[in-house]
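Atoms within each ligand, like the ligands themselves, are counted from 1 in listed order. Atom set for the values below is all heavy atoms of this structure, side chains included, hydrogens, waters and symmetry mates excluded. As the structure is a prediction and not an experimental result, all values here were calculated from the model.
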Amino acid sequence: MQKVIVIGQGYVGLPVAVRAAEAGFEVIGFDVNVGRVKGLAAGESFIGDISNERLGAVLEGGRYRPSADPADLAGFDVAVISVPTPLREGIPDLSYIESAAATVAPHVTAGCTVILESTTYPGSTEELVAPALEAASGMTAGVEFHLGYSPERIDPGNEVWTFERTPKVVSGVSQASLVAVQGFFDQLVDTTVPVSSPKEAELTKLLENTFRHVNIALVNELAMFANDLGIDVWEAIDAASTKPFGYMRFTPGPGVGGHCLPIDPSYLSWRVKQSLGQSFRFVELANDVNEHMPDYVVSRLIAALNDRELSVKGRRVLLLGLAYKKNTGDARESPSAVIASQLLALGAEVRAVDPHVQDAQVPVGVTRVELIADEVSSADAVLVLVDHDEFDLDLVRSQATYVLDTRNIVKPADNVDRL
Ligand SMILES: NC(=O)c1ccc[n+]([C@@H]2O[C@H](COP(=O)([O-])OP(=O)(O)OC[C@H]3O[C@@H](n4cnc5c(N)ncnc54)[C@H](O)[C@@H]3O)[C@@H](O)[C@H]2O)c1
């Protein structure tokens with residue numbers, strides 16, 4: 001049985017590890033976070049897309065073992081690296097990839113395959129990971145061992161386009177490496193899409209995320225102008241979406257969050273600036289518009305309270321949704337946190353409902369509550385920030401004094417404004 005090691009057991013690494021175990025590999029899910037490893041070993045998944053039942057089945061079957069001990073990595077056939085790639089003051093921080101490569105390097109043997117999955121700028125696999133593995137092993141990537149890049153396309157909460165169903169782009173530093181990387185993923189997903197080198201695969205991921213980032217910024221800016229012009233932007237978006245070709249629906253919101261959109265496009269613009277000395281203007285503009293959205297939401301709320309001769313200070317505001325996205329518990333880079341901190345700074349009492357996020361993700365100063373009639377009616381304003389399916393929107397509409405709906409999910413009423 002082939003041994004697979006997955007470095008990083010987060011939103012990306014855990015689904016890959018579980019899927020590989022289900023496909024018949026012997027899998028070590030390696031993570032430096034001992035608490036996470038213990039939780040996983042106890043059968044507790046922290047990701048909505050991986051149920052405790054699914055995790056329990058691969059644990060009990062003996063195919064999946066979480067570990068924080070690098071000694072468990074010895075003798076691997078395939079290593080997948082899925083560690084964070086954050087920005088530090090606007091600059092890509094590849095230290096996690098460097099450290100993961102250093103952990104894998106002593107265990108590289110002839111014929112093994114190493115695959116980078118973390119989102120990163122074009123060139124990282126060949127310029128960063130290959131030299132680290134080659135120096136430690138004394139072998140040449142693409143010749144004596146295999147190396148490639150395959151971006152993750154996971155869409156948390158998406159029940160249709162699951163990990164298995166979503167086509168996976170694969171690449172290698174040589175033809176032999178491409179064959180090895182593709183051969184591995186062909187056993188995990190329905191369709192693989194080979195490209196000619198890791199750089200194209202790295203750029204593919206950044207193109208996909210930049211495309212979304214830019215289009216969300218476009219509708220966000222349009223929403224702000226349409227409001228000032230007295231035009232219903234949501235109706236225009238619905239109408240435009242009936243065009244069967246040449247248009248793709250994106251909807252406005254309180255800003256972008258998660259580990260991808262607020263970060264990945266900046267990896268690309270950083271690379272363009274660093275290598276070519278030029279600005280990637282679309283990315284900069286999209287960052288500017290999307291980062292401004294929480295300010296805009298707060299300014300709309302201030303204006304609405306002002307109409308009722310109320311100041312924000314001392315008012316109770318109920319936030320619906322702390323996650324960055326519908327039906328997920330991922331609150332990383334969530335615009336809700338920015339909005340909450342701005343309202344707290346203005347002296348509001350901020351309460352929030354979110355059935356998905358863990359307590360640790362509730363921003364400091366915010367009181368977590370349930371969505372019940374008393375909570376809704378006692379708030380001076382309700383801000384709908386996430387379109388979780390669980391929210392009882394009829395209750396919100398019937399009990400709230402005032403609602404600002406940034407997702408267009410509450411039915412129209414006199415007490416409801418939309419973004
Ligand atoms: N979350 C998504 O939806 C998504 C989608 C596509 C791509 N990505 C990309 O995938 C990568 C991972 O993202 P994520 O969301 O899974 O992050 P995450 O924070 O959920 O998980 C990363 C895990 O790696 C662990 N880790 C950090 N350094 C390590 C090391 N040296 N050795 C072993 N483990 C280490 C952390 O403890 C953590 O558990 C990022 O590059 C991200 O941009 C994320």
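Between E152 and R19 there is no salt bridge, since none of the side-chain N atoms of the basic residue sits less than 4.0 Å from a carboxylate O of the acidic one. Looking at R368 and D359, a side-chain N of the basic residue comes within less than 4.0 Å of a carboxylate O on the acidic one, giving a salt bridge. In summary, E44 and K38 do not engage in a salt bridge, as defined by a charged side-chain N under 4.0 Å from a carboxylate O. Salt bridge E117/K168: present, at least one basic N to carboxylate O contact under 4.0 Å.
The shortest N or O to N or O distance between S99 and ligand 1 is under 3.5 Å. For ligand 1, none of its N or O atoms has an N or O atom of D330 under 3.5 Å away. For ligand 1, the polar-atom distance check finds no N/O of T103 at less than 3.5 Å from any of the ligand's N/O atoms. Considering backbone and side-chain N/O of E117, none are found under 3.5 Å from N/O of ligand 1. Among the atoms of K205, none of the N or O lies under 3.5 angstrom from an N or O of ligand 1. In terms of polar-atom proximity, V12 is counted as a contact of ligand 1, with an N or O under 3.5 Å from an N or O of the ligand. In terms of N/O distances under 3.5 Å, ligand 1 is approached by Y11. Any N or O atom pair closer than 3.5 Å counts here, and R153 shares no such pair with ligand 1.
For atom 2 (C) of ligand 1, the closest heavy atom belonging to the protein is I154 CG2, 4.0 Å. With hydrogens left out, the protein atom closest to atom 11 (C) of ligand 1 is V83 O, 3.3 Å, a heavy atom. Nearest non-hydrogen protein atom to atom 15 (O) of ligand 1 is R332 NH2, 3.0 Å. In this structure, the protein non-hydrogen atom closest to atom 39 (O) of ligand 1 is D31 OD2, 2.6 Å. Atom 5 (C) of ligand 1 has as its closest protein heavy atom C260 SG, 3.7 Å.
Every atom of ligand 1 with a heavy atom of G10 under 4.0 Å away is listed here by number and element: 16 (O), 18 (P), 20 (O), 21 (O), 23 (C). For ligand 1 and G8, the ligand atoms under 4.0 Å from any heavy atom of the residue are 23 (C), 24 (O), 25 (C), 33 (C), 34 (N). Near I7, meaning under 4.0 Å from any of its heavy atoms, are these atoms of ligand 1: 32 (N), 33 (C). For ligand 1, the atoms lying closer than 4.0 Å to a non-hydrogen atom of Y96 are 27 (C), 28 (N). Atoms of ligand 1 lying under 4.0 Å from at least one heavy atom of F30, given by number and element, are 32 (N), 33 (C). Atoms of ligand 1 found under 4.0 Å from any heavy atom of P84 (numbered from 1 in listed order, with element): 19 (O), 22 (C), 24 (O), 27 (C). The distance from ligand 1 to the heavy atoms of T85 drops below 4.0 Å at these ligand atoms: 40 (C), 41 (O), 43 (O).
Around atom 9 (C) of ligand 1, the closest heavy atom drawn from N33, V6, T119 belongs to T119. Closest heavy-atom approach to atom 34 (N) of ligand 1 within the set V32, I97, I47: this belongs to V32.
The residue P151 has no part lying near ligand 1, judged by heavy-atom distances below 4.0 Å.
Between A68 and V34, the shortest heavy-atom contact is CB-CG2, 4.2 Å. E159 approaches T162 most closely through the heavy-atom pair O-CG2, 3.5 Å. Among all heavy-atom pairs drawn from T109 and F76, the shortest one is OG1-O, 4.3 Å.
A 6.0 Å sphere centred on CZ of F282 holds no more than 12 heavy atoms belonging to other residues, nucleotides or ligands.
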Check step by step if side chain to side chain contact (heavy atoms under 4.5 Å, CB included) holds for V256 and Y324. CA-CA 7 Å; V256 295; Y324 84 91; over 6 Å; no
Side chain to side chain contact (heavy atoms under 4.5 Å, CB included) evaluation trace for E375 with I372: CA-CA 6 Å; E375 277 299 337; I372 52 172; 3.9 Å; yes
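Of the options T119, D264, T204, a side-chain hydrogen bond (donor to acceptor under 3.5 Å, both in side chains) to N209 is made by D264 and by none of the others. Between V376 and the options V353, L320, L395, V403, a side-chain contact (heavy atoms from CB on, under 4.5 Å) holds for only L395.
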All N/O donor-acceptor pairs, side-chain side in residues 330-337, below 3.5 Å, sequence neighbours left out:
{"from": "D330", "atom 1": "OD1", "to": "R332", "atom 2": "N", "distance (Å)": "3.0"}
{"from": "D330", "atom 1": "OD1", "to": "R332", "atom 2": "NE", "distance (Å)": "3.1"}
{"from": "D330", "atom 1": "OD2", "to": "R332", "atom 2": "NE", "distance (Å)": "3.4"}
{"from": "D330", "atom 1": "OD2", "to": "R332", "atom 2": "NH2", "distance (Å)": "3.0"}
{"from": "S334", "atom 1": "OG", "to": "L322", "atom 2": "O", "distance (Å)": "2.8"}
{"from": "S334", "atom 1": "OG", "to": "A323", "atom 2": "O", "distance (Å)": "3.3"}
{"from": "S334", "atom 1": "OG", "to": "S336", "atom 2": "N", "distance (Å)": "3.2"}
{"from": "S336", "atom 1": "OG", "to": "G321", "atom 2": "O", "distance (Å)": "2.9"}

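Here side-chain hydrogen bond (donor to acceptor under 3.5 Å, both in side chains) pairs that include residues 3-14, with residues two or more places apart or in two chains, are Q9-Y64.
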